[in-house]
Undergrad: 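Following this message is one structure expressed as structure tokens.
No experiment lies behind these values; they were computed from the predicted model shown. Proteins come first, then strands; the chains are lettered A, B, ... in the order of their sequence lines, and each starts at number 1.
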Protein chains: 2
Amino acid sequence: MDNNLSGDELLKLLEALSNPYRLKIIAVLYEERQYVSQLARELGISRPLLYLHLQKLEDVNLVKGQLEVSENGKAMKYFELNPFVLNLNQQLIFDLSKTLTLKRNSN
Amino acid sequence: MDNNLSGDELLKLLEALSNPYRLKIIAVLYEERQYVSQLARELGISRPLLYLHLQKLEDVNLVKGQLEVSENGKAMKYFELNPFVLNLNQQLIFDLSKTLTLKRNSN
DNA sequence: ACCTCCTGTAATAAATATATTACACGTGTA
DNA sequence: TACACGTGTAATATATTTATTACAGGAGGT
């Protein structure tokens, strides 16, 4: 087992990553941190939608946001990437499946 | 870039993996190949639903199914795991984001 | 003939995820 | 004051995914 997360956490992480905008957000933030409005423009989506995506990324700790006040006095919420790496393979899934919750049990 | 897949393929793979039953299916098949009805019983879900999940896994080549005829003459559809490994990290996502399709473009 | 156990799928319902619209509010500047 | 640009969220609509129900059909065994 190469990671210290649970099956449920793995699942949440995979869910967070399984959306094109969220992947794109990661790609953009990989180059440099950015504030919400600007990020929305770059991605071509509305701020409310972006918030939703950022939320999901933040929930699994892929991303971190902080509100700052710029020189000109404006409140800016900057987001940046948290480092992460996951070696995904069958063995890992097998191991973590033991701590994975299914709605209806059995297993 | 440690893999030869496109951004869209990566996304499909992540989507295929972001469901508890599908992870569980992988975990079960990691131990041994299994036929559909038995697999459905082990997971505690209906066959139609299992078919749906197997379909998604097969679509991204995580799994492979073949229809066989057992000794007692019954048709059995066995599924087994295809080997796979994916080193998931920010760099990879950044690289593959270039071949990732967003509904509305920009960027 | 009837029961059991298997494959396969169509039609539909229910649950979630994604996306839009419309707000409210703050600060700096013309 | 009005405008531009930022944050934040509630309410709602739309789309997609997940789940169920109800079939049809084949082969072996009693």
Side-chain angles (χ1 to χ4, degrees), chain A residues 8 11-25 33-60 62-80 100-106, chain B residues 8 11-26 33-60 63-80 100-106:
Chain A
D8 289 335
L11 177 58
K12 284 212 69 177
L13 181 59
L14 290 169
E15 285 172 344
L17 290 171
S18 59
N19 173 284
Y21 287 118
R22 293 199 288 270
L23 290 181
K24 200 75 184 178
I25 289 168
R33 65 183 220 139
Q34 192 54 275
Y35 66 95
V36 177
S37 285
Q38 178 58 26
L39 191 50
R41 277 190 293 268
E42 288 183 25
L43 296 171
I45 64 178
S46 65
R47 260 183 329 110
L49 181 54
L50 177 55
Y51 269 106
L52 179 150
H53 289 311
L54 285 172
Q55 184 79 301
K56 297 200 177 192
L57 289 172
E58 201 168 28
D59 283 352
V60 295
L62 281 169
V63 125
K64 168 180 55 187
Q66 53 195 334
L67 193 57
E68 300 179 10
V69 179
S70 70
E71 304 171 343
N72 52 9
K74 284 200 179 112
M76 316 278 275
K77 184 150 193 184
Y78 276 90
F79 274 86
E80 62 185 86
L100 179 62
T101 304
L102 301 187
K103 299 180 183 176
R104 201 168 199 172
N105 59 324
S106 154
Chain B
D8 289 334
L11 177 58
K12 283 211 69 177
L13 181 59
L14 290 168
E15 286 172 343
L17 290 171
S18 61
N19 173 283
Y21 286 118
R22 293 199 287 271
L23 290 181
K24 200 76 184 180
I25 288 167
I26 291 174
R33 64 184 221 138
Q34 193 52 276
Y35 66 95
V36 178
S37 285
Q38 178 56 27
L39 192 50
R41 277 190 294 268
E42 288 184 25
L43 297 172
I45 63 178
S46 65
R47 258 182 331 110
L49 180 54
L50 177 55
Y51 269 107
L52 179 151
H53 289 311
L54 285 172
Q55 184 79 301
K56 298 202 176 191
L57 290 172
E58 202 169 27
D59 283 352
V60 296
V63 124
K64 168 180 55 185
Q66 52 195 334
L67 193 58
E68 301 179 11
V69 179
S70 70
E71 304 169 343
N72 53 9
K74 282 197 180 118
M76 317 279 276
K77 185 151 193 186
Y78 276 90
F79 273 85
E80 63 185 86
L100 180 63
T101 305
L102 300 187
K103 296 179 184 176
R104 201 169 200 170
N105 57 325
S106 145

Undergrad: With Y78(A), which residues qualify under side chain to side chain donor-acceptor pair (under 3.5 Å), at least two apart?
TA: none

Undergrad: Looking at S37(A), I'd like to know whether one of its side-chain N or O atoms comes within less than 4.0 Å of OP1 or OP2 on dT7(D).
TA: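 Yes, such a contact exists.
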
Undergrad: For the pair made of CZ in R41(A) and P in dT7(D), what is the distance, rounded to whole Å?
TA: 9 Å

Undergrad: Touch check for K74(B), heavy atoms < 4.0 angstrom, all strands: base, sugar-phosphate only, or nothing?
TA: base

Undergrad: Rounded to the nearest angstrom, tell me the gap between atom CG in L14(B) and atom P in dT16(D).
TA: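 Spelled out: CG on L14(B) to P on dT16(D) is 19 Å.
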
Undergrad: Whether Y35(A) contacts dG6(D) is assessed here as follows: a side-chain N or O lying under 4.0 Å from the phosphate OP1 or OP2. Is that the case?
TA: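 It does, given that an N or O in the side chain of Y35(A) lies less than 4.0 Å from OP1 or OP2 of dG6(D).
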
Undergrad: Residues of residues 65-73 of chain B with any non-hydrogen atom less than 4.0 angstrom from an atom of DNA chain C: list those, numerically ordered, please.
TA: L67(B)

Undergrad: Can you name the atoms? Protein N/O to nucleotides 14-18 of chain C N/O, anything below 3.5 Å, with the distance.
TA:
unit_1: dT18(C); atom_1: OP1; unit_2: N19(A); atom_2: ND2; d: 3.2
unit_1: dT18(C); atom_1: OP2; unit_2: R22(A); atom_2: NH1; d: 3.2
unit_1: dT18(C); atom_1: OP2; unit_2: K56(A); atom_2: NZ; d: 2.7

Undergrad: Atom CG of L39(B) and atom P of dC6(C): how far apart are they, to the nearest Å?
TA: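 Value for this atom pair: 12 Å.
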
Undergrad: Only counting residues at least two apart or in another chain, list the ones meeting side chain to side chain donor-acceptor pair (under 3.5 Å) with E71(B).
TA: none

Undergrad: Would you name the heavy atoms of L17(B) and L11(A) that are closest together and state the gap between them?
TA: O-CD1, 4.2 Å

Undergrad: Within the structure provided, determine whether L54(B) and L39(B) are in side-chain contact (heavy-atom separation under 4.5 Å).
TA: yes

Undergrad: In whole angstroms, how far is the C1' atom of dC5(C) from the CE atom of M76(B)?
TA: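 After rounding, the reported distance stands at 9 Å.
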
Undergrad: Atom CG of L11(A) to atom C1' of dT18(D): distance rounded to whole Å?
TA: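 It is 14 Å, rounded to the nearest whole Å.
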
Undergrad: For Q34(B), check side chain to side chain donor-acceptor pair (under 3.5 Å) against everything at least two apart and list the hits.
TA: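 Listed in chain order: E42(B).
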
Undergrad: Looking at Y51(B), does any N or O in its side chain come under 4.0 Å of the phosphate oxygens OP1/OP2 on dT7(C)?
TA: no

Undergrad: Does K77(A) make a side-chain N or O approach to OP1 or OP2 of dG6(D) shorter than 4.0 Å?
TA: no

Undergrad: Does any non-hydrogen side-chain atom of L23(A) lie less than 4.5 Å from one of L14(B)?
TA: yes

Undergrad: Can you name the side chain to side chain donor-acceptor pair (under 3.5 Å) partners of S37(B), sequence neighbours left out?
TA: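 Applying side chain to side chain donor-acceptor pair (under 3.5 Å) to S37(B) gives none.
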
Undergrad: Please enumerate all residues that pass ring-ring contact (aromatic ring centres under 6.0 Å, His included) together with F79(A), with sequence neighbours excluded.
TA: none

Undergrad: Can you tell me if the side-chain N/O atoms of R47(A) get under 4.0 Å from OP1 or OP2 in dA10(D)?
TA: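 For R47(A), the contact criterion (side-chain N or O under 4.0 Å from OP1 or OP2 of dA10(D)) is not met.
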
Undergrad: Can you pull out every side-chain hydrogen bond (donor to acceptor under 3.5 Å, both in side chains) where at least one residue sits in residues 46-60 of chain A? Sequence neighbours excluded, please.
TA: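 Counting only pairs at least two positions apart or across chains, the side-chain hydrogen bond (donor to acceptor under 3.5 Å, both in side chains) contacts touching residues 46-60 of chain A are R22(A)-H53(A).
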
Undergrad: State which of dT21(C), dG8(C), dT7(D) makes the closest approach to the side chain of P48(A).
TA: dT21(C)

